[in-house]
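For reference, the structure is listed below as structure tokens.
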Amino acid sequence: MWQHGFLGYDTSFMLDVVVSALVLLVPGLAAGIFAAKRGRYRLHRNIQLTLACVLLIAVMAFEVDLQWVHGGWEKVVNKDPHHPRLTAAQLESVRRVLWLHLVFAISTPPLWATTIVLALRRFPNPPAPAEHSLLHRRLGWVSTIDLVLTSATGLWFYVAAFVR
């Protein structure tokens, strides 16, 4: 079950889970932002915490699957070394997309964690506007842009590597 994806491409199960999570992340972020804009701060907090936990678990399981079970992304892309899916030139192109994705994927966790931890420490419970609101709004937008770029480049990698 864990060796094959469920989206119809020759991927791993966990790669398809993470791609699905990335697709669902953007509407979830939008829902959280709209909740805050409407003054529903508790809902905003709960959406953000849920998204962060789900994504953290999915990415951790994905990394274990990709690195330990499959031995790296190139082995998932070219499962059959005698009949590789991608040529060396195509692999290099996909590798460049992956590096771009990693710029955002690596910066996202500390940025989002900082935004969340500061919010949990500096906002009252139940959540309400406070002195921290301006910094939180700025950190939130930077985190959101980073998360959207992580999602977009992750989907670009998936398409470049598997959708042919």
Hydrophobic cluster membership, V54 vs L147, 4.5 Å side-chain cutoff: no
Shared hydrophobic cluster for W141 and Y41 (ILVMFWY, side-chain gaps under 4.5 Å): no
Please give me the minimum heavy-atom distance between V76 and S12, naming the atom from each residue. CG1-N, 4.0 Å
Taken to the nearest 0.5 Å, the spacing of L22 CG from H101 NE2 works out to 6.5 Å
Within a strict 4.5 Å, meaning less than it, do heavy atoms of the M14 and L66 side chains meet? no
Taking all heavy atoms of F123 and all of A128, pick out the closest pair and write down the distance. CD2-O, 3.2 Å
Is the closest side-chain donor-acceptor distance between R45 and N125 under 3.5 Å? yes
From the options V163, V19, L15, select the one residue that forms a side chain to side chain contact (heavy atoms under 4.5 Å, CB included) with L7. V19
Suppose clustering is done on Ile, Leu, Val, Met, Phe, Trp and Tyr with side-chain heavy atoms closer than 4.5 Å. Which residues sit in the same group as V64? W68
In this structure, CD1 of I116 is separated from CZ of R121 (nearest 0.5 Å) by 13.0 Å
Between CZ of F34 and NE2 of H44, what distance do you get to the nearest 0.5 Å? 12.5 Å
In this structure, would I57 and I47 fall into the same cluster of hydrophobic residues linked by side-chain contacts under 4.5 Å? no
What are the two closest non-hydrogen atoms of V97 and T153, and how far apart are they? CG1-O, 4.2 Å
Just how far is it from atom CG of L43 to atom CD of Q48, taken to the nearest 0.5 Å? 9.5 Å
Got more than 12 heavy atoms from elsewhere within 6.0 Å of CZ, R40? no
For R122 versus H132, what's the shortest heavy-atom pair and its separation? CD-ND1, 3.3 Å
Could you report the tightest heavy-atom contact between S143 and T115, atom names first, then the distance? OG-OG1, 2.9 Å
Heavy-atom count check: over 12 atoms from other residues, nucleotides or ligands less than 6.0 Å from E131 CD? no
Say you draw a straight line from CG of L98 to CZ of F157; how long is it, rounded to the nearest 0.5 Å? 5.0 Å
Can you check whether F104's main-chain N or O pairs, donor with acceptor, with T150's side chain at less than 3.5 Å? yes
V26: which residues meet the side-chain contact (heavy atoms from CB on, under 4.5 Å) condition with it, sequence neighbours left out? V148, S151
Pairwise side-chain contact, V94 with W73, heavy-atom cut-off 4.5 Å (strictly under): yes
Could you see if V23 belongs to whatever hydrophobic cluster contains F162? Use Ile, Leu, Val, Met, Phe, Trp, Tyr and a side-chain cutoff under 4.5 Å. yes
My understanding is that a hydrophobic cluster links ILVMFWY residues whose side chain heavy atoms are under 4.5 Å apart, including indirect links. Using that, what else belongs to the cluster containing L111? L118, L135, L139, V142
Going by the rule side-chain contact (heavy atoms from CB on, under 4.5 Å), which residues pair with F6 if we only count those two or more places apart in sequence or in a different chain? F13, D16, V17, S20
Do F62 and Y9 share a hydrophobic cluster, counting only Ile, Leu, Val, Met, Phe, Trp and Tyr and linking them when any side-chain heavy atoms are less than 4.5 Å apart? yes
With sequence neighbours left out, write down each residue that passes side chain to side chain donor-acceptor pair (under 3.5 Å) with T144, or none if nothing qualifies. none
Could you check whether any side-chain heavy atom of W112 comes within less than 4.5 Å of a side-chain heavy atom of L51, counting everything from C-beta outward? yes
side-chain contact (heavy atoms from CB on, under 4.5 Å) with L56: which residues, sequence neighbours excluded? M60
